[in-house]
Structure formats: C-alpha cells, structure tokens
Asker: 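Dumping the structure here so I can ask a few things about it.
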Amino acid sequence: MLSQIVSALGVVVVAVFACSAYFYFSNKILDLALPVKDGDIRAASRNLNRRALVRPWLFIGPALFLLIVYLVYPVVATLILSFYDRAGLQFVGLANYKWALGDREFRQSIFNNILWLAVVPAACTFFGLVIAVMTDRIWWGNIAKSIVFMPMAISFVGASVIWKFIYEYRGGNDVQIGLLNAIVQTFGGTPEVWISVPFWNNFFLMVILIWIQTGFAMVILSAALRGIPEETIEAAVIDGANGWQIFWRIMVPQVWGSIAVVWTTITILVLKVFDIVLTMTNGQWQSMVLANLMFNWMFRGGGDSGRSAVIAIIIMLAVTPIMVWNVRRANRELKGH
C-alpha cells in the first residue's frame with residue numbers, strides 16, 4: 001500500500017513538473033525565435049503578432065495531440081476495423097453489420113439497452129429531484145443527503161457485490177441470507193433466483209445503477225433548487241398554490257436545464273453500462289447489453305475484431321446524438337444569457 005501511494009505521488013509530482021517545464025521552455029524558445037529588437041519597430045511589431053498567433057497553440061497543442069491519439073484515432077481505427085474479418089486482415093465489407101442485424105443476441109442487447117435507457121435516467125432524475133426537495137425541508141437534510149450520496153463513492157463492481165448478497169438465493173432447506181428472499185419468505189412467498197429470471201432480471205440490475213446515481217442527480221438538482229428565488233415561492237403560496245403545484249409548476253420549470261443535464265449524463269452512462277452486468281450475470285439469462293456483448297466478442301474464441309468493432313461503432317452512434325443535443329442546448333442557454 002505504501003509503495004503504491006509513493007508511486008502515485010511520484011507520478012503527480014513528475015507530471016506537474018513536466019507540464020511546468022514544457023510551458024516555460026516552449027514560451028522561452030518562442031521568444032528567442034521571434035525576438036523583439038528595439039531598433040527595428042516594424043520587425044518587432046511583426047514578431048509580436050506572430051507570437052500572439054503561435055502562443056495559444058503551445059498551450060492547446062498537447063491537449064489536441066492527446067485528443068487525436070486517444071479519441072480520434074481509436075474511433076477511425078474502429079470504424080475501419082468493422083469492415084474487416086475477425087483477425088482484422090481481410091476486407092469483408094458490410095458482412096459484420098449484416099451479422100449484427102441478424103444476430104439474436106445482438107437484438108436482445110439492443111432491447112435490454114432500450115429498457116435501461118427508459119428506466120434508469122428517469123428514475124435517477126425523479127428520485128434525485130424528490131430527495132433534493134424533501135431534504136431541504138428538514139433539519140437533518142445534510143445528513144440524509146450524505147447517506148444518499150455515499151453509494152457514489154463505491155465502484156460499480158463493489159456495488160454489484162453488495163446487491164448480490166441482497167439477491168442471494170440458497171437452495172434446499174438452507175436459510176435464506178439474501179435480504180430480498182428473506183423478506184419474501186417472511187410473508188409466505190417462495191424464494192427465487194432473482195437475477196436469473198429473464199426480462200425481470202434487467203430491472204433488478206437497474207436498481208443497482210439507480211442506487212449509485214441517485215446521489216449524483218440529487219446533488220446537481222439540489223444546487224439548482226437553491227437558485228430559485230424565494231420571492232417566486234412566496235408569491236405562489238400567497239396565490240394559494242399547494243405544495244404539489246409549487247413543485248411541478250414553479251420548481252421543475254426553473255430547474256429544467258439542470259434536469260436535462262442530469263438526464264443526458266446518466267443516459268450516456270447507461271449506454272456504456274458494463275461492470276454491473278458482468279459482475280451480476282455475465283450477460284446470462286437474457287441480460288446482455290451492448291457493452292458486454294462487445295467485450296465478449298473481443299475475447300470470445302480468440303476474439304473477433306470485426307464484430308466487436310461493429311458493436312463499438314453502434315454504441316458511439318447511439319451516444320453521439322445525445323451529446324450533440326446537450327452541447328447545442330448549452331450553447332442556446334449561453335446565448336440566452
């Protein structure tokens with residue numbers, strides 16, 4: 001543990017020093033390459049203009065380089081790879097895309113992803129908003145918010161392990177240690193292997209992500225609610241509005257921009273959901289989603305580069321409209337202000 005901490009601190013120190021050295025020496029070299037001499041006013045003015053043109057690129061250059069290497073290049077390479085065979089050597093045209101359209105497991109993954117998209121962002125946003133409103137009205141609201149936010153500190157795998165114990169099933173006459181089965185048995189029901197029930201197991205897995213992300217939604221929406229002018233609420237109360245009307249007709253419209261941000265952020269996260277499904281079911285019992293299917297084809301039977309690339313492209317295509325819409329909405333809000 002100590003060696004890991006020392007290594008991490010060393011990396012941070014080296015990275016900060018390297019960045020500082022780069023910016024210092026690159027600007028120094030630029031000043032030397034384009035000197036400003038007192039004798040020649042025209043040359044000095046020209047060099048100052050050139051410095052002004054070059055200097056911003058010294059700052060954004062490393063970021064652009066990393067963006068191209070770690071984002072643009074992988075996307076282009078994946079697109080090209082989707083037209084090749086499993087080994088990535090022979091061009092097969094649209095064969096991999098035809099396979100995807102005709103594959104039952106792929107269609108099941110699409111259906112499951114749509115289910116996740118329909119339920120998780122809506123549930124997280126709704127619960128986050130309700131909790132944000134309720135905790136602002138009680139004296140121990142900050143404690144409640146801390147409790148709700150705690151799952152955000154747990155990894156998806158760690159949260160899945162916790163919920164695996166909740167859904168745990170023991171066969172025969174063994175005592176049920178799973179919380180859900182213990183409750184069912186207490187009320188006279190029959191214990192079930194919940195995560196192996198087709199279709200419904202998707203909802204049991206969704207609960208885990210909702211449990212984790214509700215805290216994120218709550219924090220963002222709570223901050224947005226604090227920005228609502230008190231005069232607006234007081235005017236609504238004077239006009240005779242009840243709590244329900246104030247919530248839906250006063251609060252929600254004024255924090256709609258924050259709701260959209262939370263919704264789209266969680267939507268993008270849902271499209272990439274991987275760890276929960278892998279840990280809980282490994283895609284069995286009709287619970288497969290696109291990210292897990294891509295992972296399977298990357299390594300199944302030695303791996304299939306073409307088919308896994310096709311799934312990756314489809315995930316990226318699904319994410320792109322959401323991100324474009326979010327950016328355009330943000331630009332409209334900035335122009336509005």
Side-chain angles (χ1 to χ4, degrees), residues 86 96 99-124 127 151 154-214 266-304 307-312 314-315 318-319:
R86 62 181 297 116
N96 292 320
W99 159 81
L101 294 174
D103 184 69
R104 183 187 62 81
E105 195 173 32
F106 177 82
R107 293 197 300 269
Q108 181 68 52
S109 300
I110 292 287
F111 175 76
N112 290 341
N113 266 104
I114 292 173
L115 272 182
W116 281 73
L117 289 171
V119 175
V120 175
C124 290
F127 289 131
I154 305 173
S155 68
F156 284 6
V157 173
S160 300
V161 171
I162 292 171
W163 281 86
K164 209 161 191 175
F165 283 110
I166 294 176
Y167 296 142
E168 179 71 18
Y169 169 81
R170 295 290 176 89
N173 296 321
D174 294 341
V175 178
Q176 297 297 329
I177 67 167
L179 179 61
L180 184 56
N181 274 323
I183 294 173
V184 169
Q185 203 170 36
T186 300
F187 288 96
T190 304
E192 297 282 349
V193 187
W194 300 105
I195 61 173
S196 68
V197 181
F199 181 73
W200 297 107
N201 54 8
N202 288 290
F203 295 96
F204 293 126
L205 301 186
M206 291 177 204
V207 169
I208 302 171
L209 189 55
I210 294 169
W211 180 65
I212 296 172
Q213 290 298 314
T214 295
I266 298 176
T267 297
I268 293 170
L269 179 67
V270 167
L271 284 168
K272 302 184 296 180
V273 68
F274 169 78
D275 312 64
I276 294 173
V277 177
L278 181 69
T279 305
M280 296 293 288
T281 64
N282 195 25
Q284 300 178 83
W285 309 299
Q286 300 178 22
S287 64
M288 185 71 74
V289 291
L290 287 173
N292 294 86
L293 186 63
M294 180 189 72
F295 179 80
N296 280 356
W297 279 106
M298 286 174 67
F299 301 103
R300 180 186 295 176
D304 191 318
R307 292 183 177 182
S308 61
V310 165
I311 301 169
I314 290 171
I315 294 173
V319 171

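All figures in this text were calculated on a predicted structure; none of them were measured in a lab.
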Asker: Drop me the distance from Thr281's OG1 to Met288's CE, to the nearest 0.5 angstrom.
Answerer: 7.5 Å
Asker: List in chain and number order the residues that pass side-chain contact (heavy atoms from CB on, under 4.5 Å) with Ser155, two or more places apart in sequence or in another chain; answer none if no residue qualifies.
Answerer: Val157
Asker: For Ile268, give me all partners under side-chain contact (heavy atoms from CB on, under 4.5 Å), at least two apart in sequence or on another chain.
Answerer: Lys272, Val319, Ile322, Met323
Asker: Please name the pair of heavy atoms, one in Ser308 and one in Met294, separated by the smallest distance, quoted to 0.1 Å.
Answerer: O-CG, 3.4 Å
Asker: Could you please spell out the steps behind the side-chain contact (heavy atoms from CB on, under 4.5 Å) verdict for Ile311 and Ile315?
Answerer: CA-CA 6 Å; Ile311 301 169; Ile315 294 173; 4.2 Å; yes
Asker: Applying the side chain to side chain donor-acceptor pair (under 3.5 Å) criterion to Asn181, which one of Trp194, Tyr167, Tyr169 satisfies it?
Answerer: Trp194
Asker: Measure the CD-CD1 distance between Gln185 and Ile183 for me, rounded to the nearest 0.5 Å.
Answerer: 11.5 Å
Asker: Would you mind listing every side-chain hydrogen bond (donor to acceptor under 3.5 Å, both in side chains) that reaches into residues 198-207, with sequence neighbours excluded?
Answerer: Asn112-Asn202
Asker: Could you walk me through whether Phe295 and Val277 pass the side-chain contact (heavy atoms from CB on, under 4.5 Å) check?
Answerer: CA-CA 12 Å; Phe295 179 80; Val277 177; over 6 Å; no
Asker: Looking only at atom types and distance, does a side-chain atom of Asn113 sit under 3.5 Å from a main-chain N or O of Leu290, one as donor and one as acceptor?
Answerer: yes
Asker: Between Val184 and Glu192, does a side-chain contact (heavy atoms from CB on, under 4.5 Å) hold up when you go through it step by step?
Answerer: CA-CA 9 Å; Val184 169; Glu192 297 282 349; over 6 Å; no
Asker: Please state whether the rings of Phe199 and Phe203 are parallel, tilted or perpendicular, taking 30° and 60° as the class boundaries.
Answerer: perpendicular
Asker: Return the minimal non-hydrogen interatomic distance between Met280 and Ser160, and the atom names on each side.
Answerer: SD-O, 3.2 Å
Asker: As an exercise, state the distance from CG of Asn282 to CG of Asn296, rounded to the nearest 0.5 Å.
Answerer: 6.0 Å
Asker: Evaluate the side-chain proximity of Asp103 to Arg307: yes if any heavy-atom separation is below 4.5 Å, no if none is.
Answerer: no
Asker: Not counting sequence neighbours, which residues clear side-chain contact (heavy atoms from CB on, under 4.5 Å) with Val270? List them please.
Answerer: Trp116, Leu117, Val120, Pro121, Leu209, Ile266
Asker: Grab the two heavy atoms, one from Ile210 and one from Phe127, that are nearest each other, plus how far apart they are.
Answerer: CG2-CD1, 4.2 Å
Asker: Just jot down the ring pair (Phe, Tyr, Trp, His ring centres under 6.0 Å) partners of Phe106, sequence neighbours excluded, or say none.
Answerer: none
Asker: Of the non-hydrogen atoms in Ala159 and Ile154, which two are nearest, and what is the gap between them?
Answerer: N-CG2, 3.4 Å
Asker: Looking at Phe156, I want to see if its CZ is surrounded by more than 12 non-hydrogen atoms of other residues, nucleotides or ligands under 6.0 Å.
Answerer: yes
Asker: How would you list, by chain and number, every residue that makes a side-chain contact (heavy atoms from CB on, under 4.5 Å) with Pro151, sequence neighbours excluded?
Answerer: Trp211
Asker: CD1/Ile212 to SG/Cys124 distance, rounded to the nearest 0.5 angstrom?
Answerer: 9.5 Å
Asker: Got Met206 and Leu115 here, is their nearest side-chain heavy-atom distance under 4.5 Å?
Answerer: yes
Asker: Rounded to the nearest 0.5 Å, how far apart are CD1 of Ile195 and CG of Leu180?
Answerer: 11.5 Å
Asker: Quick one: NZ on Lys164 to CD1 on Ile208, what's the gap to the nearest 0.5 Å?
Answerer: 9.5 Å
